[in-house]
Chemist: 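I'd like to ask some things about the structure below.
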Amino acid sequence: MTASSIKSSFSNAATSGEATGAACRTVFPVRDYNLAATLASGQTFRWRPCEGGWEGIVGSRWVRLRSGADSILAETAAPGGDWRWLAEYLQVEQDLAQVLATFPEDEPMRAAVAACRGLRLLRQDPWECLASFICSSTKQIVQIQQIVALLCERFGEPVRIPRGSGAAFAFPSVERIAAAGEAELRACKMGFRAPNLCAAARKIADGEIDLRRLATRSAEAARAELMLLPGVGAKIADCVLLFACGFPAAFPVDVWVRKALRRLYFPRRQVTPKRLQEFTAAHFGPYAGYAQQYLFHYARVHAKLKK
DNA sequence: AACCAGGACACAA
DNA sequence: TTGTGTCATGGT
């Protein structure tokens, strides 16, 4: 499907949602899209399950998503006919089969893909992604979700919600976080990560780094620039490149992916970090980041890999 | 009750 | 280059 057909087919689809109170809804035709796995796979932290679907905030909009047969049903609280922002966020135009075809043909990769059909990568807002992952270090996903929720409740602007829903807030702006004190941030249970988030927000607010420009640069340059921010090392920089800046070859290696790589590709062999880095850079191809997400999921759901 | 979590960093060897 | 301690907090 082309970008222009997306625009036209989704821009006229708005109807009223009497039953749910949602003001606006549409349908995205998609194939091989595992919504639950995608929204709960640790790349984003603001979605929570509701009856038969998921509720979350994208930018400054409340959204409810539901899986249909070869489709995703979407509802928002605010009227408006243009759905490109959500099509972009969900990456509904991404042909997953084309991505999977670039993966190496080895047994570990086959097993990881088979374990989670339809797992996708989203295209997130760079600041929300960066800030969330600054808070993520040595935290479990449920804790990251709680930290991000507290940040939004305390510093985010309220967003329009459908009747019957609880209050919802946008992710706080760079300026609002930059203005917050370290103590206020610590109160969101982020511990030693608070000064990093605070200082990173100030650098961005001061214009030292332009997050929106990262996508226009080379992956190497964007990565180096991200790593100038306090609390941002190779792993978190790669997360932002992959989840927000559109660099599908970025390959964040966290404890789970490291376990999976060692266990699946280097059984009973000592592998130095450098060697592992060289392997991932050479082995997984132009969509290595997608491969990484499958390995991450695979490692987390298969107890044999947990060790 | 220990152990660990989508790490980064300074520092030693 | 690779290893180690430290940082806060809470889940399992």
Side-chain angles (χ1 to χ4, degrees), chain A residues 37-47 112 115-116 119-122 124 126 128-151 181-201 203 209 223-245 247 250-264 266 269-281 284 288-303 305-307:
Chain A
T38 300
L39 298 179
S41 64
Q43 57 184 304
T44 183
F45 306 100
R46 299 209 61 196
W47 293 94
C116 194
L119 178 61
R120 301 278 192 136
L121 291 181
L122 303 166
Q124 302 178 51
E128 175 172 344
C129 182
L130 171 66
S132 299
F133 277 98
I134 285 177
C135 299
S136 77
S137 61
T138 53
K139 282 288 186 190
Q140 297 181 156
I141 290 174
V142 285
Q143 290 181 265
I144 303 168
Q145 290 170 333
Q146 187 186 7
I147 292 169
V148 170
L150 285 170
L151 278 175
E182 180 183 326
E184 278 188 291
L185 296 179
R186 273 186 190 269
C188 296
K189 305 188 176 181
M190 65 177 68
F192 61 82
R193 303 151 195 87
N196 290 335
L197 180 60
C198 195
K203 282 197 165 193
I209 289 184
R223 189 176 196 253
E225 201 163 336
L226 282 167
M227 289 177 66
L228 293 175
L229 294 168
V232 180
K235 189 270 175 181
I236 290 176
D238 285 338
C239 285
V240 177
L241 294 182
L242 181 62
F243 301 143
C245 296
F247 293 99
F251 197 100
V253 177
D254 75 318
V255 292
W256 293 105
V257 172
R258 184 174 297 110
K259 273 186 227 175
L261 289 172
R262 291 211 162 117
R263 191 113 169 78
L264 295 170
F266 303 95
R269 204 181 337 165
Q270 185 77 346
V271 188
T272 66
K274 178 134 192 109
R275 188 105 182 85
L276 203 60
Q277 196 278 328
E278 291 167 352
F279 172 74
T280 60
F284 292 101
Y290 279 81
Q292 172 275 155
Q293 198 64 14
Y294 280 91
L295 291 171
F296 176 72
H297 184 277
Y298 188 57
R300 281 165 43 82
V301 299
H302 281 69
L305 284 174
K306 291 185 178 177
K307 188 170 61 102

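Chain letters run A, B, ... following the sequence lines, proteins first, then strands; residues in each count from 1.
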Chemist: Need one value for A:G42: base, sugar-phosphate or nothing, where a base atom within 4.0 Å counts as base even if backbone is also close, heavy atoms only.
Modeler: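 Counting heavy atoms under 4.0 Å across all strands, the contact made by A:G42 includes a base.
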
Chemist: Is there a side-chain contact between A:L119 and A:F296 in this structure, where contact means two heavy atoms from C-beta onward sitting under 4.5 Å apart?
Modeler: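 A side-chain contact under 4.5 Å is absent here.
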
Chemist: Please enumerate all residues that pass side chain to side chain donor-acceptor pair (under 3.5 Å) together with A:Q124, with sequence neighbours excluded.
Modeler: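 Scan of A:Q124 (side chain to side chain donor-acceptor pair (under 3.5 Å), adjacent residues dropped) gives none.
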
Chemist: A:Q277: what forms a side chain to side chain donor-acceptor pair (under 3.5 Å) with it, not counting sequence neighbours?
Modeler: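 Residues passing side chain to side chain donor-acceptor pair (under 3.5 Å) with A:Q277: none at all.
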
Chemist: Does any part of the side chain of A:T280, heavy atoms only, come nearer than 4.5 Å to the side chain of A:V257, both counted from C-beta?
Modeler: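 Side-chain contact under 4.5 Å: no.
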
Chemist: Apply ring-ring contact (aromatic ring centres under 6.0 Å, His included) to A:F266 and list each qualifying residue two or more places apart in sequence or on a separate chain.
Modeler: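 Checked A:F266 against ring-ring contact (aromatic ring centres under 6.0 Å, His included); matches are A:F279.
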
Chemist: Identify every side-chain donor-acceptor pair in residues 37-45 of chain A under 3.5 Å, counting partners at least two apart or on other chains, and give the distances.
Modeler:
residue : atom : partner : partner atom : Å
A:T38   : OG1  : A:N34   : O            : 2.7
A:T38   : OG1  : A:R120  : N            : 3.1
A:S41   : OG   : A:A37   : O            : 3.3
A:S41   : OG   : A:T38   : O            : 3.0
A:S41   : OG   : A:Q43   : NE2          : 3.1
A:S41   : OG   : A:Q293  : NE2          : 3.3
A:Q43   : OE1  : A:L122  : N            : 2.9
A:Q43   : NE2  : A:T38   : O            : 3.2
A:Q43   : NE2  : A:R120  : O            : 2.9

Chemist: For a quick check of understanding: with a heavy-atom distance under 4.0 Å over all strands, which category does A:A234 fall into, base, sugar-phosphate or nothing?
Modeler: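 Sugar-phosphate only.
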
Chemist: Table please: side-chain donor-acceptor pairs of residues 228-242 of chain A below 3.5 Å, with sequence neighbours left out.
Modeler:
residue : atom : partner : partner atom : Å
A:D238  : OD1  : A:R223  : NE           : 2.8
A:D238  : OD2  : A:R223  : NH2          : 3.1

Chemist: Nearest whole Å is fine: how far is B:dG7 P from A:D254 CG?
Modeler: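 Taking CG of A:D254 and P of B:dG7, I get 6 Å after rounding.
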
Chemist: Base, sugar-phosphate, or nothing: which does A:F45 touch, judged by heavy atoms less than 4.0 Å apart?
Modeler: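 Since no nucleic acid heavy atom lies under 4.0 Å of A:F45, the category is nothing.
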
Chemist: For A:L228 and B:dA8, give me the distance from atom CG to atom C1', rounded to whole Å.
Modeler: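 Rounded to the whole Å, the gap is 14 Å.
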
Chemist: Separation of A:F192 atom CZ from B:dA10 atom C1', in whole Å?
Modeler: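 Spelled out: CZ on A:F192 to C1' on B:dA10 is 14 Å.
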
Chemist: Starting at CD of A:Q145 and ending at P of B:dA5, how long is that distance when rounded to a whole Å?
Modeler: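 Atom-to-atom, A:Q145 to B:dA5, this comes out as 17 Å.
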
Chemist: Taking B:dC3 as the reference, what is the distance to C:dA8 when you measure between their C1' atoms (whole Å, please)?
Modeler: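 Straight-line distance between the two C1' atoms is 16 Å.
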
Chemist: CZ of A:R258 versus C1' of B:dG7: gap in Å, rounded?
Modeler: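 Result: 9 Å.
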
Chemist: Can you name the side chain to side chain contact (heavy atoms under 4.5 Å, CB included) partners of A:R186, sequence neighbours left out?
Modeler: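 Only A:E182, A:A194, A:P195 meet the side chain to side chain contact (heavy atoms under 4.5 Å, CB included) criterion with A:R186.
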
Chemist: Between atom CH2 in A:W256 and atom P in B:dG7, what is the gap in whole Å?
Modeler: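 Atom CH2 in A:W256 sits about 10 Å away from atom P in B:dG7.
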
Chemist: Does anything in residues 269-278 of chain A come within less than 4.0 Å of DNA chain B? Heavy atoms only, and list the residues if so.
Modeler: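 Listed by number, there are none.
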
Chemist: With stacking defined as ring centroids separated by under 5.5 Å and planes differing by under 30°, is A:F296 stacked against B:dG6?
Modeler: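 Yes, the aromatic ring of A:F296 stacks with the base.
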
Chemist: With C1' as the reference atom in both, quote the distance from C:dT6 to B:dC4 in angstrom, rounded to an integer.
Modeler: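 Nearest-Å result for C:dT6 against B:dC4 at atom C1': 16 Å.
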
Chemist: When the C1' atoms of B:dC9 and C:dG10 are compared, how many Å lie between them, rounded to an integer?
Modeler: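 23 Å, rounded to whole Å.
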
Chemist: Just list the side-chain donor-acceptor pairs under 3.5 Å for residues 134-148 of chain A, sequence neighbours left out, or say none.
Modeler:
residue : atom : partner : partner atom : Å
A:S136  : OG   : A:F133  : O            : 2.7
A:S137  : OG   : A:R193  : NE           : 3.3
A:T138  : OG1  : A:R193  : NH2          : 3.3

Chemist: Short question: side chain of A:R300, backbone of A:W256 - any donor-acceptor pair under 3.5 Å?
Modeler: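 Checked: no pair found.
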
Chemist: B:dA10 and C:dT9: how far apart are their C1' atoms, nearest whole angstrom?
Modeler: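 B:dA10 and C:dT9 have their C1' atoms separated by 22 Å.
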
Chemist: NA contact type, A:V257, heavy-atom cut-off 4.0 Å: base, sugar-phosphate, or nothing?
Modeler: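 Base, at least one base atom sits under 4.0 Å.
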
Chemist: Could you run down the sub-3.5 Å N/O contacts of the protein with nucleotides 9-12 of chain C?
Modeler:
residue : atom : partner : partner atom : Å
C:dT9   : O4'  : A:K139  : NZ           : 3.4
C:dT9   : O2   : A:K139  : NZ           : 3.0
C:dT9   : O2   : A:Q143  : NE2          : 3.4
C:dG10  : O4'  : A:Q143  : NE2          : 2.9
C:dG11  : O4'  : A:Q140  : NE2          : 2.7

Chemist: With a 4.0 Å cut-off on heavy atoms, is A:S41 in touch with a base, just the backbone sugar-phosphate, or nothing at all?
Modeler: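 If one applies the 4.0 Å heavy-atom cut-off, A:S41 turns out to touch a base.
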
Chemist: Within this structure, what is the CG-to-P distance between A:D238 and B:dG7, rounded to whole angstrom?
Modeler: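 Result: 13 Å.
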
Chemist: Between A:V232 and A:F133, just flag the one whose closest nucleotide in DNA chain B comes earlier from the 5' side.
Modeler: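 Checking each residue's closest nucleotide, the 5'-ward one belongs to A:F133.
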
Chemist: If I take atom CD1 in residue A:I147 and atom P in nucleotide B:dG7, what distance separates them, rounded to the nearest angstrom?
Modeler: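 About 12 Å, once rounded to whole Å.
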
Chemist: Would you measure the distance from the P atom in B:dA1 across to the matching atom in C:dG11 and give it in whole Å?
Modeler: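 Rounded to whole Å, the distance is 16 Å.
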
